[in-house]
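What follows is a single structure, written as structure tokens, with notes after it.
Side chains included, hydrogens not; waters and symmetry mates left out as well; all remaining heavy atoms used. Start at 1 and go down the list; that is how both ligands and their atoms are numbered.
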Amino acid sequence: MELNNKTILTGVKPTGTLHFGNYAGALKPAVELGHQVNREGGRHIMFVADYHAINAIKDAPLLKQLTREIACAYLACGLDPKTSYFYKQSDVPELFELTTILMAYTPKGFMNKAHAYKAAVDKNVAKGEPNDAGINMGLYTYPVLMAADILAYDTDLVPVGKDQIQHVEIAADIAGSINAHYGRQVFKLPRYFTTEATETVPGTDGRKMSKSYNNVIPLFADDATLKKAVMGIKTDCQDINAPKNPDEILLYQILRGIAPTALVAEVRAGLEKGGMGYGTIKKMLLQALIDEVGEKREKYMYYLTHFDEVEDMLHDGAIRARTLVQPVLERAKDAIFNRK
Ligand code: ADP
Ligand code: TRP
């Protein structure tokens, strides 16, 4: 993909402590992409979507902690706050002004169809509760704030997991209808893209690794906790010497999502041939996890315990980000208030 002159933007919602699924599917590819974009002369924007999180998290100390963890995780994984734009959404007030503008051009029907809202309604229906029980307007209008996040920077590309595609499409639709209405390009139309890396890593019980299922291998835990999680991965009781189909074995599927290709190939061959026991593979997986995050874990702990340094980076990032947003907001106001 040609990234020269392109603006690539990703937001991360601080709603849970990170696990290896998040790492393989989101964190690692985002940081790598950031390096690539910056190298190739594009612009990379990476922010913590803390205002999106308040729809779900009302416990203030918890929100603070999760926000810090996400910021420190990105830095620990190598995000460069000097070359990328790295900030908290709540530090860029122009986004909320833009949200109000976009609201006026967002058909209510779009929000009825947005799947975060639909999923919440489905849950209520399943429990026999009124459709909108416990659903706040922040959740309902979630895609509009997300559209502001994206349109504010004339974003070209938004790397996302499959669940977020619809939101990027809504942002493009809103932008398109505003441009059509005023007969000029007020906003750039963003596009989403998904990568193979966002393939789902299973958790220790075989379902998608997710904080909601209590089946995670936590990302920055100590060795003993990692070991406990790895040893807890469900295995079957096939004979150790029997040749096996690796694609049917959970332990292999987890390894494939996380470990280096050479190790994945070695384990694949071992399973196909027979004779490689699950205990041995678990040890290999554990070592691979420690090798992958050992150094990052130290950096992560450093940043968490020196958060004032991170605070400065986020603060500088927000100042830089605001210089990008302000002209876009002015462009929108010129059109809607007929100023220019
Ligand atoms: P969770 O399922 O733990 O609640 P989120 O939905 O908050 O995780 O996901 C945050 C990011 O991490 C998303 O970009 C998502 O695509 C990625 N992600 C989450 N779980 C996995 C997984 N098991 N495999 C790959 N990527 C994942
Ligand atoms: N909705 C995204 C998520 O739940 C987070 C997010 C907020 C985002 N604003 C964004 C992602 C803008 C990409 C672009 O993961």
Side-chain angles (χ1 to χ4, degrees), residues 7-31 33-34 44-57 66-67 69-70 73-74 77 85 87-90 92 95-96 98-99 102 114-117 119-120 138-139 141-153 155-172 174-175 190-219 229 250 253-258 321 325:
T7 293
I8 301 215
L9 170 139
T10 325
V12 191
K13 217 172 24 167
T15 46
T17 296
L18 294 162
H19 52 73
F20 271 93
N22 300 139
Y23 176 71
L27 254 161
K28 193 170 181 229
V31 170
L33 182 67
H44 181 243
I45 302 175
M46 173 88 240
F47 68 95
V48 185
D50 50 352
Y51 263 129
H52 272 116
I54 61 170
N55 300 322
I57 299 188
L66 294 175
T67 302
E69 286 181 11
I70 292 276
Y74 274 90
C77 290
Y85 289 76
Y87 59 88
K88 283 186 291 181
Q89 188 185 36
S90 59
V92 183
L95 294 174
F96 310 104
L98 191 54
T99 301
L102 301 182
H115 64 66
Y117 169 67
L139 174 66
T141 62
Y142 187 106
V144 188
L145 176 54
M146 183 155 159
D149 288 333
I150 296 170
L151 301 179
Y153 299 91
T155 302
D156 296 284
L157 293 168
V158 187
V160 283
K162 289 200 183 76
D163 60 323
Q164 297 296 317
I165 290 177
Q166 184 194 33
H167 292 150
V168 183
E169 288 175 336
I170 290 175
I174 299 172
R191 282 190 297 129
Y192 66 83
F193 80 92
T194 48
T195 52
E196 253 179 65
T198 53
E199 231 177 74
T200 307
V201 179
T204 53
D205 62 355
R207 293 184 288 175
K208 168 190 183 293
M209 189 180 291
S210 169
K211 60 178 175 285
S212 331
Y213 297 148
N214 207 8
N215 66 355
V216 307
I217 305 178
L219 183 56
L250 174 61
Q253 290 164 354
I254 298 177
L255 185 98
R256 188 182 53 193
I258 297 169
V325 180

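With a heavy-atom cut-off of 4.0 Å, Gln164 touches ligand 2 through its side chain alone. Residue Lys13 does not touch ligand 1, judged by heavy-atom distances below 4.0 Å. Of the heavy atoms in Phe47, only side-chain atoms (C-beta onward) come closer than 4.0 Å to ligand 2.
No hydrogens or angles considered: a donor-acceptor pair under 3.5 Å links the side chains of Ser90 and Asp50.
The local environment of OH in Tyr192 is sparse, with at most 12 non-hydrogen atoms from other residues, nucleotides or ligands closer than 6.0 Å. Within a 6.0 Å radius of CZ in Arg191, other residues, nucleotides and ligands contribute 12 heavy atoms or fewer.
At least one N or O atom of Ser210, backbone or side chain, sits closer than 3.5 Å to an N or O atom of ligand 1. On a distance-only criterion, Thr15 and ligand 1 share no N/O pair closer than 3.5 Å. When only interatomic distances are considered, the shortest N/O to N/O separation between Asn22 and ligand 1 falls below 3.5 Å. Residue Asp163 places no N or O, backbone or side chain, under 3.5 Å from any N or O of ligand 1.
For atom 5 (C) of ligand 2, the nearest protein heavy atom (residue, atom name, distance) is Gly11 O, 3.5 Å.
Listed for the Thr155 side chain is a donor-acceptor partner under 3.5 Å among the backbone atoms of Ile150. A distance-only check finds a donor-acceptor pair linking the side chain of Thr204 to the backbone of Asn215 [under 3.5 Å].
Close approach of ligand 1 to Gly25 (heavy-atom distance below 4.0 Å) involves ligand atoms 25 (C), 26 (N).
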